[in-house]
2 protein chains.
Amino acid sequence: MTTTEPAGPPPRRGRGRPGYDQAAILRAAVELFNRKGYDATSMGDLAKELGLTKPAIYHHVTSKEQLLGQALDDALDELTAAVTAASGEAADRTAHERLREVVRRSVEVLVAHQPAVTLLLRVRGNSEVELAALERRRWLDDRLAALVADAVAEGALRDDVPPTLVSRLLFGMVNSLVEWYRPDGSYDRAMVADAVTAIAFDGLARHAS
Amino acid sequence: MTTTEPAGPPPRRGRGRPGYDQAAILRAAVELFNRKGYDATSMGDLAKELGLTKPAIYHHVTSKEQLLGQALDDALDELTAAVTAASGEAADRTAHERLREVVRRSVEVLVAHQPAVTLLLRVRGNSEVELAALERRRWLDDRLAALVADAVAEGALRDDVPPTLVSRLLFGMVNSLVEWYRPDGSYDRAMVADAVTAIAFDGLARHAS
DNA sequence: CCTACCGATCGGTAGG
DNA sequence: CCTACCGATCGGTAGG
């Protein structure tokens with residue numbers, strides 16, 4: 001991880017002019033891409049946001065698409081780590097246990113890396129970069145669907161709904177976090193992870209217990 | 001409702017040239033907006049899709065933004081009807097019953113009007129048209145959250161998760177349908193509505209019964 | 001000579 | 001419904 005300073009004026013380095021590094025530009029770009037949409041955001045918008053000129057941005061970055069690609073790779077790396085950490089090395093744990101852990105870890109990644117994941121979930125496949133991201137995302141979806149299928153086969157989950165449908169609805173709920181979650185809002189990370197897990201596995205209805 | 005002909009070559013009207021009407025152009029536009037994103041779709045793309053020239057499109061349509069606004073209004077009208085039909089006229093039904101019906105009706109609207117609703121769910125607020133749509137959408141979200149709160153207060157739903165959080169996760173799951181549902185796919189409308197309702201209220205876990 | 005930038009403008013394309 | 005265009009703005013780069 002790079003140092004994550006709070007947003008604000010560019011840090012002064014040495015006695016030169018204020019300077020941004022690649023990471024700071026990427027953060028600002030992702031924030032803008034999410035607020036306005038990738039295509040609706042111009043490099044001029046990004047420059048204005050940073051208080052730079054457009055050419056100054058190209059001193060740090062090779063293209064708009066590269067910024068997108070890096071954000072998507074960040075999100076995909078985190079999600080892949082979450083899925084492989086929880087779903088790999090079966091043996092000693094049931095599919096049901098691994099699925100619960102994947103859900104919890106996914107929520108944590110969504111919350112911790114919300115901007116990048118939000119961008120990922122909106123990708124349409126309009127370029128090579130986007131198509132590559134969609135392919136990695138499909139791989140993740142397949143892993144998750146397989147895990148759900150295992151948990152159903154194991155007898156831990158209801159079998160009156162097709163596993164692929166269960167998987168889509170479950171991770172549809174998880175992914176919907178990016179639409180409203182705000183790190184400074186009323187709910188902290190653990191609370192959201194608990195709520196998602198509880199509702200997904202036990203339902204909204206009041207418990208019989 | 002206008003006549004909904006299957007997609008295909010433009011219908012011949014009388015002895016003139018092949019002609020599109022506003023509704024046909026709107027359908028094609030919404031399909032493109034969803035496939036590539038609104039901003040990434042040019043009016044030239046739409047013209048090519050329809051086999052027309054760009055100016056020919058402007059014979060039927062006043063602006064790109066107007067096409068967006070009409071699609072968003074369609075989606076919002078349908079969703080508003082679903083919510084008011086199910087949640088209004090309380091008296092004889094519990095909040096829990098009304099909530100279940102809203103969920104079911106919402107799923108049906110999403111499936112029946114998927115292209116327009118998909119567009120709605122991706123709106124970022126980049127223009128007056130989009131801001132107006134977001135405002136109507138917020139009104140719907142508030143109605144849904146109130147209904148969930150009533151059902152919790154009634155004792156029908158679990159009270160260990162804040163009602164606003166429950167509402168967001170529940171309709172996050174419902175709305176995620178637009179990301180993958182295909183009318184020609186393996187699941188029909190009723191099956192999806194049943195699955196969503198069952199999973200949402202009773203959870204993924206196998207029943208004790 | 002480096003870094004971090006600027007004013008101006010490139011070739012193309014947007015909506016209309 | 002087309003050919004022929006407009007004002008503006010796009011992502012990206014020139015020299016200094």
Side-chain angles (χ1 to χ4, degrees), chain A residues 5 9-33 35-72 119 123-124 126-130, chain B residues 9-26 28-30 32-33 35-72 119 124 126-130:
Chain A
E5 310 177 23
R12 302 256 160 193
R13 302 196 294 193
R15 55 182 177 273
R17 305 200 193 155
Y20 288 99
D21 60 356
Q22 227 263 13
I25 291 177
L26 180 59
R27 272 194 300 275
V30 170
E31 196 273 328
L32 270 182
F33 292 165
R35 200 164 69 211
K36 308 182 43 158
Y38 175 74
D39 291 295
T41 303
S42 71
M43 292 301 268
D45 294 334
L46 179 57
K48 201 195 301 177
E49 180 79 15
L50 292 167
L52 299 177
T53 60
K54 216 165 30 155
I57 289 185
Y58 282 99
H59 179 76
H60 300 282
V61 160
T62 62
S63 73
K64 186 185 175 186
E65 199 170 359
Q66 179 220 358
L67 285 168
L68 176 63
Q70 273 192 15
L72 296 180
L119 213 49
V123 156
R124 309 302 314 154
N126 286 339
S127 62
E128 287 303 319
V129 163
E130 294 194 2
Chain B
R12 302 254 159 194
R13 302 193 296 191
R15 54 183 178 272
R17 307 201 191 154
Y20 288 98
D21 60 355
Q22 228 262 13
I25 292 177
L26 180 59
V30 170
L32 270 181
F33 292 166
R35 200 165 70 212
K36 308 182 43 158
Y38 175 74
D39 291 295
T41 302
S42 71
M43 292 301 267
D45 293 335
L46 178 58
K48 201 195 302 177
E49 180 79 16
L50 292 167
L52 298 178
T53 59
K54 219 168 21 160
I57 289 185
Y58 282 98
H59 178 74
H60 300 284
V61 160
T62 63
S63 73
K64 185 185 177 188
E65 200 170 0
Q66 180 219 357
L67 284 169
L68 177 63
Q70 273 193 15
L72 297 180
L119 212 49
R124 308 303 312 155
N126 286 339
S127 62
E128 287 303 319
V129 163
E130 295 194 2

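Numbered from 1 within each chain, the chains take letters A, B, ... in sequence-line order.
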Note, DNA chain D 5' to 3' with Watson-Crick or G-U pairs under 3.5 Å encoded as ( ), [ ], | and . gives ....||.|.||.|.|.
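Put simply, CG on L46(A) and CG on L26(A) are 9.5 Å apart, with the number rounded to the nearest 0.5 Å.
Among all heavy-atom pairs drawn from A28(A) and L50(A), the shortest one is CB-CD2, 3.6 Å. Nearest heavy atom pair, residue D39(B) against residue A40(A), reads OD2-CB, 3.4 Å.
If you measure from atom CD of Q66(A) to atom C1' of dG11(D), you get 14 Å, rounded to the nearest angstrom. As a whole-Å value, the separation of K48(A) NZ from dT9(D) P is 10 Å. When rounded to the nearest whole Å, the span between CG of L52(B) and P of dC2(D) equals 6 Å. If you take NE2 of H59(A) and P of dG11(D), they are 21 Å apart, rounded to a whole angstrom.
Among pairs with a residue in residues 47-63 of chain A, those fulfilling salt bridge (charged side-chain N to carboxylate O under 4.0 Å, His left out) read R35(A)-E49(A), at least two apart in sequence or across chains.
Contacts of S127(B) classified as side-chain hydrogen bond (donor to acceptor under 3.5 Å, both in side chains), with partners at least two apart in sequence or in another chain: E65(B). Here N126(B) pairs with nothing under the side-chain hydrogen bond (donor to acceptor under 3.5 Å, both in side chains) rule; sequence neighbours left out.
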For H59(A) and I25(A): C-alpha separation, side-chain torsions, deciding distance, then whether side-chain contact (heavy atoms from CB on, under 4.5 Å) applies. CA-CA 11 Å; H59(A) 179 76; I25(A) 291 177; over 6 Å; no
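By the 4.5 Å heavy-atom criterion applied to side chains, V61(B) and Q22(B) are counted as neighbours. Contact annotation: the side chain of V123(A) never approaches that of V129(A) to less than 4.5 Å [non-hydrogen atoms, C-beta and beyond]. Between K64(A) and F33(A) there is a side-chain heavy-atom pair separated by less than 4.5 Å.
Regarding contacts with the backbone of dG16(C), a side-chain N or O of Y58(B) is found under 4.0 angstrom from either OP1 or OP2.
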Distances under 3.5 Å only, N/O to N/O: pair up the protein atoms with those of nucleotides 3-5 of chain D.
none

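For dA4(C) and dG16(D), the C1' atoms lie 13 Å apart once the distance is rounded to whole Å. The gap from the C1' atom of dG11(C) to that of dT9(D) amounts to 13 Å, rounded to the nearest Å. Rounded to the nearest Å, the gap between the P atom of dA8(D) and that of dG12(C) is 22 Å.
In this structure, K36(A) contributes its side chain and S42(A) its backbone to no donor-acceptor pair below 3.5 Å.
Contacts between residues 36-45 of chain B and DNA chain D, counted as heavy-atom distances below 4.0 Å, involve no residue at all.
The residue among T62(A) and A56(B) whose nearest nucleotide of DNA chain D lies closer to the 5′ end is A56(B).
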